[in-house]
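Note that ligands are numbered from 1 as they come in the structure, with each ligand's atoms numbered from 1 the same way.
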Amino acid sequence: MALLQAQLEAMLAQLPAGQRDLLAPRFFQHAPVLLERLRRLYGDSEHFAGWCQQLMQEVISLAGERPAALRAQDQSRSANKNWFGSQDMLGYCTYVDRFGGNLQGVMQKISHLQEMGVRYLHLLPFLRARDGENDGGFAVASYDEIEPKFGTMADLQALTEQLRAAEISLCSDFILNHVADDHPWACAAKAGDAAYQNYFHSFADYTQPARYEATLGQIFPQAAPGNFTFDTTLQRWIWTTFYPYQWDLNYSNPAVFAEMALALLRLANRGIEVFRLDSTAFLWKREGTNCMNQPEAHWILQAIRSIVEIAAPGVLLKAEAIVPTAQLPAYLGTPANAASAQINECHLAYHSSLMAAGWAALAEQNTDAIARVIQGTPALPDQASWLTYVRCHDDIGWNVLRAEMRGAENSDAIAQQRLAHVAQFYSGAGDSYARGASFQAADPSAVHGSVGMASALCGMSSASDQEEQLLARRRLLLLYGLALSFGGLPVIYMGDELAQKNEESYLHDPQKANDSRWLQRPDFDMAAFASRHDETTESGKIFSALLHLIRCRKDTAALSASAARNLIVTEAPQLLVFGRGHADDEGCVYFIGNFSGVAIDFALDVLHDKAAINGFTDLISGRVYSVATRCLKVEPYEQIWLRALTDRSAA
Ligand code: OTU
């Protein structure tokens with residue numbers, strides 16, 4: 001740092017005085033961590049000092065180019081760094097084309113988002129993608145261009161402005177683990193440019209790949225087996241964790257880090273407020289490991305966080321790391337402890353264990369895995385929170401739950417058996433009500449993932465009478481209720497608010513047919529949308545019930561991300577019970593969910609022990625229970641959000 005101080009001051013001096021005064025304190029606060037992480041990653045390179053100086057120069061210029069409206073937003077968010085943890089934050093995730101046709105069409109749908117109270121919109125990949133098959137846009141050909149069929153950069157900027165005016169933050173995928181095989185860097189590599197060849201991991205023969213493969217997993221075992229692809233032009237093996245046309249970037253090359261960090265800042269300056277950092281677990285490779293969650297991957301993310309804090313501090317980073325619960329919290333940094341100061345990494349991370357455990361609990365009518373997930377979910381550092389969800393565009397990956405599914409026997413074989421049963425259940429095996437499919441697994445005993453729209457997985461497509469429809473609806477609402485009350489930023493997946501069904505048409509599209517995740521990527525249903533206020537329709541029933549939950553949450557401070565969470569152990573494995581807020585505080589709320597098809601009695605004494613309680617109100621039904629009530633009957637798949645009435649809240 002000392003070495004660079006004078007150079008940094010000189011760089012800052014180039015900015016206009018007003019900007020310099022704002023930037024300098026941020027810079028001197030975050031540059032030490034940034035430089036330290038960069039030194040850990042790249043300090044061995046003989047060009048390190050010069051490379052670092054150049055990177056800083058570019059970060060400062062991009063900070064200088066940040067539009068005034070975004071700088072103002074940076075300032076206001078700096079005063080309230082936990083803004084995204086509020087109980088009125090709500091997300092929505094959809095595809096540009098499926099939701100609005102193109103970016104301009106998305107603008108026409110802003111009022112739908114506002115009606116639900118949405119404050120964050122994740123539009124799945126919209127940057128220029130590979131020609132032909134492109135994994136739903138996850139094979140990016142240019143980070144500075146919009147996919148032509150969606151519109152132009154001007155459209156994107158106009159959209160971000162309109163969303164900002166509606167207080168909705170736009171979230172974009174930032175696919176940093178790999179680029180498309182027709183990205184200019186890959187093309188240059190194929191053309192023989194050694195500098196660009198070093199942007200990728202490539203091998204002259206299969207000896208080294210074979211050594212790596214010995215400990216690597218598989219993401220798409222059916223459609224894209226293996227982690228390496230032989231490129232016939234280069235006559236070399238390329239590291240391709242995902243599809244063969246997605247070339248993993250080589251982050252041991254500092255040039256790759258700089259390119260990607262600066263690409264992110266350029267997009268931030270276009271008005272993107274949240275970056276979904278795709279496949280973060282895979283950024284660093286190490287022989288003898290599964291090449292996931294390596295310490296260097298975290299240092300890369302911490303360095304990017306520091307860069308964002310300097311140049312675009314209103315921006316949020318969201319980790320997509322589909323990893324076991326034990327490995328997940330690290331993506332949100334580490335709270336301060338006796339040995340070290342707080343480490344900041346991403347602001348948000350998908351809680352995929354919670355999501356998968358909710359589905360497993362429905363299939364098994366047993367909540368023990370969710371309970372274990374909650375026990376394994378530690379308190380988070382300041383300025384970090386979970387992203388909670390029910391479905392997304394990917395499969396429900398079961399492997400993240402291996403630890404939680406070992407049962408009282410603590411057995412691998414039990415976990416395997418239970419997960420295989422859950423996967424079969426969602427593919428509709430036996431008398432299951434679910435109508436999904438297994439993802440990438442021909443062998444029914446193998447465990448990988450499950451696909452399908454939430455409503456189909458909850459039994460709406462198979463329901464043959466009103467009673468079954470009611471149960472299906474309750475299941476869907478139960479999972480959304482968990483996501484809304486757990487503490488975090490809950491995100492609705494497109495069409496779930498209207499109970500949209502599976503989309504089978506992908507089977508006729510040769511570019512999609514081998515990837516069953518398209519089953520849950522339907523066009524937004526305009527007819528269902530039009531009847532969303534008609535409660536005689538299935539869509540109308542779900543829409544109004546979901547909106548009701550959203551409103552209940554919005555009025556309840558104990559459901560904000562930062563309020564405490566306490567698991568409450570009961571004797572009924574069908575029930576999940578946890579408290580939010582402090583038991584002796586006014587406004588403490590208890591979530592009670594029945595994940596089974598039978599009514600279960602819940603003894604309220606468990607909660608009475610926690611504080612001087614005068615009774616309860618169910619926030620959802622409005623029912624009031626006096627102190628004399630000892631027991632509640634929780635109907636099949638019903639949820640209750642009990643607010644404790646204390647002396648203080650009564651007064
Ligand atoms: C991510 O996914 C994206 O969400 C997928 O849509 C992409 O196909 C993929 O990256 C490549 O860009 O494990 O942590 O099992 O859950 O591919 C990264 C399927 C991932 C996805 C998996 C995933």
- Message: For Y426 and W359, I'd like to know if the aromatic rings sit close, meaning centre-to-centre distance below 6.0 Å.
- Response: yes
- Message: Quick one, D515 and Y243 - any side-chain contact, counting heavy atoms below 4.5 Å?
- Response: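 Side chain of D515 against side chain of Y243, heavy atoms only: contact under 4.5 Å found.
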- Query: Does a side-chain heavy-atom distance below 4.5 Å link D523 with D97?
  - Reply: no
- Query: Mind checking whether R276 has a heavy atom under 4.0 Å from ligand 1?
  - Reply: yes
- Message: If we only consider heavy atoms of Y243, is any one of them less than 4.0 Å away from an atom in ligand 1?
- Response: no
- Task: Do me a favour and list the nearest non-hydrogen protein atom to atom 20 (C) of ligand 1 with residue, atom name and distance?
- Result: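 Going by distance alone, atom 20 (C) of ligand 1 is nearest to E320 OE2, 3.6 Å.
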So, are [X] and [Y] salt-bridged, with charged N and O less than 4.0 Å apart?
X: R40; Y: E296; answer: no
X: R128; Y: E147; answer: no
X: K318; Y: D173; answer: no
X: E345; Y: R305; answer: no

- Query: Between T280 and ligand 1, is there a nitrogen or oxygen pair with a distance under 3.5 Å?
  - Reply: no
- So is H448 polar-close to ligand 1, meaning N/O to N/O under 3.5 Å?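 Looking only at distances, the answer is no, because the N/O contact criterion of under 3.5 Å is not met.
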Show me which atoms of ligand 1 lie under 4.0 Å from any heavy atom of [X].
X: D135; result: 7 (C), 8 (O), 9 (C), 11 (C), 12 (O)
X: F282; result: 14 (O), 18 (C)
X: H178; result: 11 (C), 12 (O)
X: I219; result: 15 (O), 17 (O), 22 (C)

- Query: Which is closest to atom 12 (O) of ligand 1 in terms of heavy atoms, D278, L277, D395?
  - Reply: D278
- Have a look at I396, D394, V400 and point out the one with the heavy atom closest to atom 21 (C) of ligand 1.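 Of the listed residues, D394 has the closest heavy atom.
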- Task: Write down the atom of V390, the atom of A454, and the distance for their closest heavy-atom approach.
- Result: CG1-CB, 4.4 Å
